[in-house]
Amino acid sequence: MAFTVSLNMSRLLSLSSAATATGTTAARLPPKTLLHFNLPLSSSTSYFTHHPLKFKPVRFSSSSTSTTKITPIASAVSVGSKLPESTFSYFDSSDELQTITVSDLTKSKKAILFAVPGAFTPTCSQKHLPGFVEKSGELKAKGVDVIACISVNDAFVMKAWKENLNINDEVLLLSDGNGDFTRAIGAELDLSDKPVGLGVRSRRYSMLVEDGVVKVLNMEEGGAFTSSGAEDMLKTDQCD
């Protein structure tokens, strides 16, 4: 006994008629043409189990050669780089607004420059800056001449922050108000999506610079605080 699967093809007549109307020649099928597939009855219930239908997944792409590349964040400076010239501002002990250049800070000196995403922000106020204030004596005993904190904040904010934390001359707080130095070394941190309205700031980092040349660089990913603290600088042989 055989199992018969029939497909009625009479509806194809309309396609044949349409082809004739447009001047093309097409074979006409009789209105009751049937296609027959004979399968053994014994296999009728298991055929499709053993012969499942296979479909290829549909893939959508704007370009057959397009790929997604993840580019790691990298700074424009590295160990051995000469720092680009830039100018910072700050208020001195007489409340006079002063400016100082990268050259002024580092020429014939051993300087530690570290940056924070923002004055008065929690990690910067509770850990990063206080750590350098606390360890300033040890760092200077190792030959460091200058310790400076850089932030993309105006000089007035940096002055208020310094007063709030009761900092004297242990660390110099410098304003990179327009972010010129931050952009020049490729350390921008875009926080525009944050609800507190920080905008574009600086990534957190610390560096040891001798005569304008970077000797040690600890650049953090974004605002993370894992390797740019005072303790990390004390561990480096370059400070000896």
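Not measured: the values here are computed from a predicted model.
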Under 3.5 Å donor-acceptor, [X] side chain and [Y] backbone:
X: R204; Y: A224; value: yes
X: D190; Y: S192; value: yes
X: T101; Y: D104; value: yes
X: D92; Y: E96; value: yes
X: K82; Y: D211; value: yes
X: S175; Y: G177; value: yes
X: E85; Y: V102; value: yes
X: E170; Y: N168; value: yes
X: D145; Y: K109; value: no
X: H128; Y: S228; value: yes

Using the rule that Ile, Leu, Val, Met, Phe, Trp and Tyr join whenever any side-chain heavy atoms are under 4.5 Å apart, tell me whether [X] and [Y] fall into a single cluster.
X: V77; Y: V146; answer: yes
X: L189; Y: F88; answer: no
X: V152; Y: M219; answer: no
X: V171; Y: V116; answer: yes
X: F225; Y: M233; answer: no

Nearest 0.5 Å please: distance from the [atom1] atom of [X] over to the [atom2] atom of [Y].
X: R201; Y: L198; atom1: CZ; atom2: CG; value: 4.5 Å
X: L139; Y: L208; atom1: CG; atom2: CG; value: 9.5 Å
X: S81; Y: L217; atom1: OG; atom2: CG; value: 8.0 Å
X: L173; Y: S89; atom1: CG; atom2: OG; value: 11.5 Å

Do [X] and [Y] make a side-chain contact, defined as non-hydrogen atoms from C-beta onward lying under 4.5 Å apart?
X: I150; Y: L113; answer: yes
X: L83; Y: F181; answer: yes
X: L129; Y: F114; answer: yes
X: K140; Y: I147; answer: yes

*Flag the pair D180 and R183 as a salt bridge only when some basic side-chain nitrogen lies within less than 4.0 angstrom of an acidic carboxylate oxygen.*
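Salt bridge: yes.
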_Short N-O contact, D95 and K159, less than 4.0 angstrom_ =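 Judged by the 4.0 Å cut-off on N to carboxylate O distance, D95 and K159 do form a salt bridge.
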Under 3.5 Å, is there a donor-acceptor pair between the [X] and [Y] side chains?
X: E220; Y: T226; result: yes
X: D176; Y: T182; result: yes
X: E188; Y: S202; result: no

*Carefully, step by step, assess L234 and K142 under the rule side-chain contact (heavy atoms from CB on, under 4.5 Å).*
CA-CA 8 Å; L234 281 170; K142 283 176 165 283; 3.8 Å; yes
*Output, in order, the C-alpha distance, side-chain angles, deciding distance and verdict of side-chain contact (heavy atoms from CB on, under 4.5 Å) for M207 and I185.*
CA-CA 12 Å; M207 63 174 75; I185 66 170; 4.3 Å; yes
Smallest separation among heavy atoms of [X] and [Y], with atom names:
X: G118; Y: S151; result: CA-OG, 3.8 Å
X: S206; Y: S227; result: OG-O, 4.4 Å
X: C149; Y: M158; result: O-CE, 4.0 Å

*asked:* Taking atom CZ as the centre, does F120 end up with more than 12 heavy-atom neighbours from other residues, nucleotides or ligands that are less than 6.0 angstrom away?
replied: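 Enclosed: over 12 neighbouring heavy atoms sit under 6.0 Å from CZ of F120.
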*Would you sort out whether T87 and I100 count as a side-chain contact (heavy atoms from CB on, under 4.5 Å), showing the intermediate values?*
CA-CA 6 Å; T87 301; I100 189 169; over 6 Å; no
*What pairs of residues pass the ring-ring contact (aromatic ring centres under 6.0 Å, His included) test when at least one of them lies in residues 192-218, not counting sequence neighbours?*
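Residue pairs passing ring-ring contact (aromatic ring centres under 6.0 Å, His included), neighbours aside: none found.
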*Any pair with a residue in residues 118-127 that passes side chain to side chain donor-acceptor pair (under 3.5 Å), sequence neighbours left out, goes on the list, sorted by first then second residue, please.*
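Side chain to side chain donor-acceptor pair (under 3.5 Å) check on residues 118-127 returns S125-W161.
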*Check the pair L105 / L172 against side-chain contact (heavy atoms from CB on, under 4.5 Å), numbers first and verdict last.*
CA-CA 10 Å; L105 280 170; L172 184 61; 4.1 Å; yes
